[in-house]
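Have a look at the structure below, then the notes.
Order of appearance sets the numbers: ligands from 1, and atoms from 1 within every ligand. Everything numeric here is computed off the predicted structure, so don't read it as measured data.
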Amino acid sequence: MKHIVSGIKPTGSLNLGTYLGSIKNFVELQNSYSYHHFFLFIADLHAITLPIDRQFLRKKIKELAALYLACGLKQERLSLFIQSEVPAHSHMGYLLQCFTYMGELERMTQYKEKKEQAFEGIPSSLFTYPSLMAGDILLYDAEYVPVGEDQKQHLELTRDIATRINNRFGDFFTVPEPLIPKVGARIKSLAYPEKKMSKSDTDTKGHIDLLDEPHIIRKRIRSAVTDSGADIRFDREGKPGISNLLTIYATLENVSVEAIAARYSNATYKQLKDDLAERVVKELSPIQERYRELINSRELNDILDKGRDEALKVANKKAAKLSRKLGLGRGRR
Ligand code: ATP
Ligand code: LTN
């Protein structure tokens with residue numbers, strides 16, 4: 001069976017950006033890729049590449065697991081697990097560092113942006129992050145990797161590393177392809193439409209978190225930054241605020257941004273915002289209800305145990321195989 005792999009860092013509360021750019025897409029892919037097995041993990045090893053409080057991290061790991069499921073992922077053909085519980089990720093990450101060049105890592109946009117957030121020196125793990133991420137994907141021989149636009153560069157590097165190893169050892173890894181949604185791959189902050197809606201951003205007025213109450217959701221959308229003029233049309237450069245709202249709406253409705261823009265072409269900003277707020281509340285209410293059932297349940301722990309055991313089997317085998325190819329240890333005995 002072919003594999004689809006993806007991960008999310010437990011660095012903060014899940015927001016609408018991650019939901020629309022990533023989780024909603026997984027849920028739909030589970031239906032359209034009905035012959036694939038999904039490995040979805042909570043990337044806690046990636047979360048510690050910048051300092052993070054341990055209690056906060058613990059809480060976010062569980063919250064993220066419950067939210068992943070609450071968003072509608074089905075149990076069949078799914079292994080949901082926590083990255084650090086499958087040590088082969090660290091092992092493979094290290095092996096792949098030996099095949100990743102400094103120049104490649106220096107070019108990574110995420111590194112350049114994130115290193116600005118490091119106040120006590122830049123951890124070297126932030127620099128080698130892409131090798132760990134390549135390991136996450138290549139361990140499972142993933143054919144597809146659903147991610148938002150911001151991860152495209154990391155995926156390209158993963159493909160280069162895989163190809164480099166394949167050239168040396170024959171067809172060892174499946175070279176993965178990113179699956180980037182057509183709409184929703186770049187949701188911007190409601191307060192700063194030029195910036196990505198990011199969960200580790202401490203300024204929360206530009207986010208809608210998946211667990212926000214309806215009155216907060218309404219307030220955030222009502223106060224979203226809009227552009228001068230009063231016309232509603234999709235124009236990322238000229239009207240970034242309105243274009244972001246249209247993108248959010250279109251992704252929720254599974255239609256094109258043009259279709260939403262046409263629906264509101266004669267409306268006011270206020271009408272668009274009011275309708276969008278209700279649409280977001282409608283989307284998130286059932287997710288929040290299911291989340292409350294799951295968060296402290298036995299079911300959640302059982303699902304994570306099962307996911308970990310399934311991931312361990314595949315990942316250990318692949319990491320051991322590469323170690324042998326490289327001549328590590330005593331080989332097969
Ligand atoms: P951090 O702020 O800690 O860097 P993040 O908010 O960028 O985190 P990730 O865990 O890095 O979130 O991303 C999880 C997935 O969601 C990735 O596939 C990423 O591409 C996607 N994603 C994150 N933010 C957005 C966004 N604003 N729009 C679309 N997709 C997004
Ligand atoms: N780097 C990603 C999170 C991530 C990931 C992965 C995504 C870590 N490992 C493997 C897909 C596949 C991020 O910052 N969003």
Side-chain angles (χ1 to χ4, degrees), residues 3-26 29 38-52 56-57 60-61 63-64 67-68 71 81-84 86 89-90 92-93 96 108-111 113-117 125-126 128-140 142-159 176-190 192-204 206-210 244 247-248 251 311 315:
H3 295 164
I4 293 185
V5 171
S6 200
I8 299 187
K9 286 175 287 179
T11 43
S13 299
L14 270 192
N15 64 45
L16 209 54
T18 335
Y19 175 68
L20 296 176
S22 170
I23 303 186
K24 186 169 178 289
N25 199 23
F26 298 157
L29 290 173
F38 283 67
F39 288 94
L40 291 187
F41 64 90
I42 295 155
D44 56 350
L45 293 173
H46 286 273
I48 60 167
T49 51
L50 279 172
I52 185 165
F56 177 82
L57 179 60
K60 292 298 158 188
I61 290 172
E63 188 181 296
L64 183 52
L67 267 171
Y68 250 138
C71 288
F81 66 99
I82 300 169
Q83 183 188 27
S84 65
V86 180
H89 283 253
S90 319
M92 188 60 115
L96 298 187
M108 295 292 119
T109 318
Q110 185 166 307
Y111 167 68
E113 285 171 7
K114 295 272 175 193
K115 76 176 190 199
E116 302 301 325
Q117 294 169 24
S125 55
L126 197 63
T128 56
Y129 181 118
S131 309
L132 180 62
M133 175 161 168
D136 298 336
I137 298 167
L138 300 179
L139 268 178
Y140 301 92
E143 186 181 10
Y144 296 115
V145 183
V147 279
E149 184 82 34
D150 60 329
Q151 295 302 311
K152 206 169 153 189
Q153 200 186 26
H154 286 159
L155 251 294
E156 274 157 18
L157 178 54
T158 303
R159 289 171 58 87
E177 274 183 47
L179 280 181
I180 299 177
K182 278 195 212 64
V183 268
R186 263 188 301 162
I187 303 294
K188 303 293 186 177
S189 155
L190 297 176
Y192 310 98
E194 67 289 350
K195 267 178 50 184
K196 156 177 143 168
M197 191 186 284
S198 162
K199 74 176 128 53
S200 59
D201 192 349
T202 43
D203 185 346
T204 53
H207 309 179
I208 291 178
D209 289 343
L210 297 193
N244 191 35
T247 305
I248 295 175
T251 315

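Here the CG atom belonging to D44 is positioned 6.5 Å from the CD1 atom belonging to I82, to the nearest 0.5 angstrom. Here the OG1 atom belonging to T251 is positioned 4.5 Å from the CD1 atom belonging to I187, to the nearest 0.5 angstrom. Separation of atoms CG (L96) and CE (M133) is listed at 12.5 Å; rounding is to 0.5 Å.
Salt-bridge annotation for E156 and R159: absent, with no side-chain N of the basic residue lying under 4.0 Å from a carboxylate O of the acidic one.
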Can you list the steps and then say if Q110 with D150 is a side-chain hydrogen bond (donor to acceptor under 3.5 Å, both in side chains)?
CA-CA 8 Å; Q110 185 166 307; D150 60 329; over 6 Å; no

For T18 and N15, run side-chain hydrogen bond (donor to acceptor under 3.5 Å, both in side chains): C-alpha distance rounded to whole Å, both residues' side-chain angles, the deciding distance at 0.1 Å, then the answer.
CA-CA 6 Å; T18 335; N15 64 45; 3.2 Å; yes

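The parts of V147 lying near ligand 1 are both backbone and side chain, judged by heavy-atom distances below 4.0 Å. At a heavy-atom cutoff of 4.0 Å, ligand 1 is contacted by the side chain of K114 but not by its backbone. Only the side chain of S22 comes within contact range of ligand 1, with a heavy atom under 4.0 Å; no backbone atom does.
Between L157 and P130, the shortest heavy-atom contact is CD2-CB, 3.6 Å. Between V147 and P181, the shortest heavy-atom contact is O-CD, 3.5 Å.
Between P146 and ligand 1, no pair of N/O atoms sits closer than 3.5 Å. Note: no N/O pair closer than 3.5 Å links I8 and ligand 1 by distance alone.
Relative ring orientation between F81 and F39 is described as perpendicular, the plane-to-plane angle rising above 60° on a 0-90° scale split at 30° and 60°.
In the candidate list D150, I23, L14, L155, D150 is nearest to atom 19 (C) of ligand 1, counting heavy atoms. Of the options L20, I52, I187, N15, the smallest heavy-atom separation from atom 26 (C) of ligand 1 is shown by I187. Summarising the contacts of atom 22 (N) of ligand 1 with T18, T11, V145, the nearest heavy atom is found in T18. Taking all heavy atoms of Q110, Q151, E113, K196 into account, the minimum distance to atom 7 (O) of ligand 1 is reached by K196.
Shown in contact with G21 at under 4.0 Å from a heavy atom are these atoms of ligand 1, numbered in order with element: 29 (C), 30 (N).
No side-chain heavy atom of Q151 sits less than 4.5 Å from a side-chain heavy atom of P178.
The one candidate from L14, L210, D209 that meets the side-chain contact (heavy atoms from CB on, under 4.5 Å) condition with Y19 is L210.
The residues lining ligand 2, counting any heavy atom closer than 4.0 Å, are S6, G7, K9, F41, H46, Q110, Y129, M133, D136, I137, V145, V147, Q151.
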